[in-house]
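Contents: one structure, followed by commentary.
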Amino acid sequence: MLEGRYKKAYSTITPSQELVSDTIEMMGKGKNATRKISLKNRFVMKVSLTAAAAVLCLVMAVPVCAAHIPVFYKIVEYLSPALADQLVPIEQSSTSQGITMQVEAIHLEGNEAEIIISLSDADNSTQDLVHGEMDLFDSYGLSDYASDSIVGGCHFLTYDETDDKAYFQVVVQSDHVYQGSKFRFSAHSVLCDKTNETRDVDLSGIVYTAETKPVTLGGSGGPLQEDMLPDFLKNIPGTAEDPRPRTNVMDMVNAADCAADDFTLAGIAYMDGVLRVQMCMGDNWSSDRHVQLFLKNSTGEERYQDHSVSWNEEVGNTSYQIYEFWYLEDIEDIADYSMYGIFHDSGELIRGDWSVTFRLQGD
């Protein structure tokens with residue numbers, strides 16, 4: 001019952017990066033340390049600490065954690081010694097390209113696995129590759145030697161300077177229920193030095209008509225689902241030769257004119273009651289650039305896009321990833337609006353071969 005309540009809290013509440021870092025620092029100063037923790041949300045401290053504990057809910061049924069008391073063990077121990085007593089240490093790790101990967105915790109339920117892993121600089125490494133926000137890039141997964149994960153997602157949690165460890169939550173799914181006692185988690189590339197920067201987006205070059213072209217979609221999403229969009233924005237069904245859906249996007253720039261290693265504003269248009277912003281992320285096959293765009297009106301109200309689509313255009317050996325963001329809103333005077341974006345860049349790609357094999361408790 002207690003585990004169920006923690007799992008429910010975990011699925012709805014996530015602590016801020018600032019909260020996790022501040023909690024760790026408080027523990028380093030002792031339980032009686034008094035420090036004012038700044039929160040970006042309106043939760044009081046009691047709720048915020050509960051949120052921090054919620055991140056750790058998966059370790060209640062987690063039979064696996066780090067041998068050297070990772071940051072999450074410290075947080076749980078600080079908040080609930082009884083919960084911390086349920087963690088069982090292991091020592092399996094894997095080192096490649098000067099970086100050591102370790103599985104800290106895992107929770108299995110059916111065909112889904114939630115995994116906490118850490119990355120740190122190898123003991124004999126002369127490089128400082130792990131020193132802040134990082135990410136796993138594409139090919140990673142969990143195997144129980146009967147089936148492998150087929151889809152997944154990775155979320156950076158925190159970097160602990162004392163232990164020189166970056167922590168991640170990885171969620172993967174398989175087409176079969178995970179079973180057995182022996183598991184292997186592997187990864188093949190890591191992104192270092194991830195950054196984000198807030199920049200203004202110039203709306204002065206807006207046009208009110210633009211040619212469109214059909215493209216094969218690589219992805220789409222947003223608060224408004226595809227079936228809620230105007231007909232002219234809806235997907236075009238695929239064909240027998242190519243069943244992938246297509247959609248019509250603005251034809252305003254040649255991909256070859258975009259930067260391969262940076263962001264490029266390709267065009268902005270307001271037509272048929274839709275503000276359309278097209279942005280090229282460059283070559284994302286070996287990087288991970290993406291943008292969060294926000295439209296602000298004259299009263300300061302901000303809004304996210306209603307929907308976005310993405311596709312790739314090939315120029316020689318370079319594959320450019322392009323996004324088009326759609327805002328469905330009547331705009332009388334564009335001068336009353338402004339836009340800014342949070343531009344996320346991935347930094348350096350490190351290719352390696354990390355593989356950790358471990359057994360669950362009791363086997």
Side-chain angles (χ1 to χ4, degrees), residues 11-22 36-48 51 133 155-156 194-212 219-235 247-253 258 262-281 289-310 321-345:
S11 66
T12 56
I13 303 174
T14 301
S16 68
Q17 176 66 42
E18 184 176 5
L19 172 61
V20 174
S21 300
D22 285 348
K36 186 176 182 181
I37 298 181
S38 171
L39 299 178
K40 296 182 179 179
N41 54 41
R42 291 173 290 179
F43 291 115
V44 296
M45 175 65 73
K46 181 177 179 181
V47 176
S48 299
E133 184 174 355
H155 174 63
F156 174 77
K194 293 193 68 175
T195 61
N196 64 78
E197 180 184 4
T198 300
R199 309 179 195 170
D200 290 332
V201 177
D202 187 5
L203 298 179
S204 63
I206 191 169
V207 298
Y208 296 91
T209 181
E211 295 294 326
T212 62
S220 64
L224 287 184
Q225 297 303 310
E226 194 266 339
D227 59 357
M228 302 172 65
L229 298 172
D231 288 343
F232 64 89
L233 293 179
K234 290 182 178 179
N235 291 349
T247 195
N248 285 310
V249 299
M250 298 186 298
D251 187 10
M252 298 184 69
V253 68
C258 297
D262 202 354
F263 304 92
T264 303
L265 179 61
I268 303 176
Y270 179 68
M271 51 188 186
D272 301 317
V274 180
L275 179 66
R276 307 170 71 149
V277 181
Q278 194 175 104
M279 188 150 321
C280 179
M281 311 298 166
R289 299 182 197 88
H290 60 278
V291 179
Q292 297 168 274
L293 291 181
F294 298 90
L295 182 67
K296 184 186 297 186
N297 64 19
S298 58
T299 63
E301 295 177 315
E302 297 180 352
R303 55 175 297 193
Y304 201 55
Q305 78 266 4
D306 295 304
H307 197 79
S308 67
V309 295
S310 67
Q321 185 177 41
I322 305 174
Y323 275 73
E324 193 166 290
F325 305 90
W326 299 336
Y327 298 81
L328 281 63
E329 179 176 338
D330 290 332
I331 296 178
E332 294 183 2
D333 188 353
I334 193 63
D336 294 332
Y337 290 80
S338 61
M339 178 174 284
Y340 72 93
I342 303 175
F343 292 75
H344 300 264
D345 206 339

In Å and rounded to the nearest 0.5 Å, what is the [atom1] to [atom2] distance from [X] to [Y]?
X    : Y    : atom1 : atom2 : value
K234 : M228 : NZ    : CE    : 10.0 Å
H307 : R276 : NE2   : CZ    : 11.0 Å
E197 : I342 : CD    : CD1   : 11.0 Å
S220 : E324 : OG    : CD    : 12.5 Å
D333 : N297 : CG    : CG    : 12.5 Å
M252 : E211 : CE    : CD    : 10.5 Å

Which of E302, E329, Q305 passes side chain to side chain contact (heavy atoms under 4.5 Å, CB included) with L295? Answer is E329

Among V309, T212, L233, side chain to side chain contact (heavy atoms under 4.5 Å, CB included) partner for V249: V309

Provide the closest heavy-atom pair for [X] versus [Y] in the form atom of the first, atom of the second, distance.
X    : Y    : value
L328 : D306 : N-OD2, 2.7 Å
R303 : Y327 : O-CE2, 3.8 Å
D262 : R199 : OD1-NH2, 4.2 Å
G341 : L293 : CA-CD2, 3.9 Å
G267 : M250 : O-CE, 3.8 Å

For the pair F294 and Y304, name the ring-plane relationship: parallel under 30°, tilted 30 to 60°, perpendicular over 60°. tilted

For the pair F263 and F343, name the ring-plane relationship: parallel under 30°, tilted 30 to 60°, perpendicular over 60°. perpendicular

Just one of Q292, R289, E133 clears the side-chain hydrogen bond (donor to acceptor under 3.5 Å, both in side chains) bar with H344, so which one? Q292

Using side chain to side chain contact (heavy atoms under 4.5 Å, CB included), reason through E226 and T247 one step at a time and then give a plain yes or no. CA-CA 11 Å; E226 194 266 339; T247 195; over 6 Å; no

With a 4.5 Å cut-off on side-chain heavy atoms, are I331 and Y337 touching? yes

Test log, rule side chain to side chain contact (heavy atoms under 4.5 Å, CB included), inputs N248 and F232: CA-CA 8 Å; N248 285 310; F232 64 89; over 6 Å; no

Donor-acceptor pairs are to be reported for all side-chain atoms of residues 200-207 against protein atoms at under 3.5 Å, with residues two or more places apart or in another chain.
residue : atom : partner : partner atom : Å
D202    : OD1  : S204    : N            : 2.9
D202    : OD1  : S204    : OG           : 2.7
D202    : OD2  : S204    : OG           : 2.9

As a quick check of understanding, evaluate side chain to side chain contact (heavy atoms under 4.5 Å, CB included) for L229 and W326, giving each step before the final call. CA-CA 10 Å; L229 298 172; W326 299 336; 3.8 Å; yes

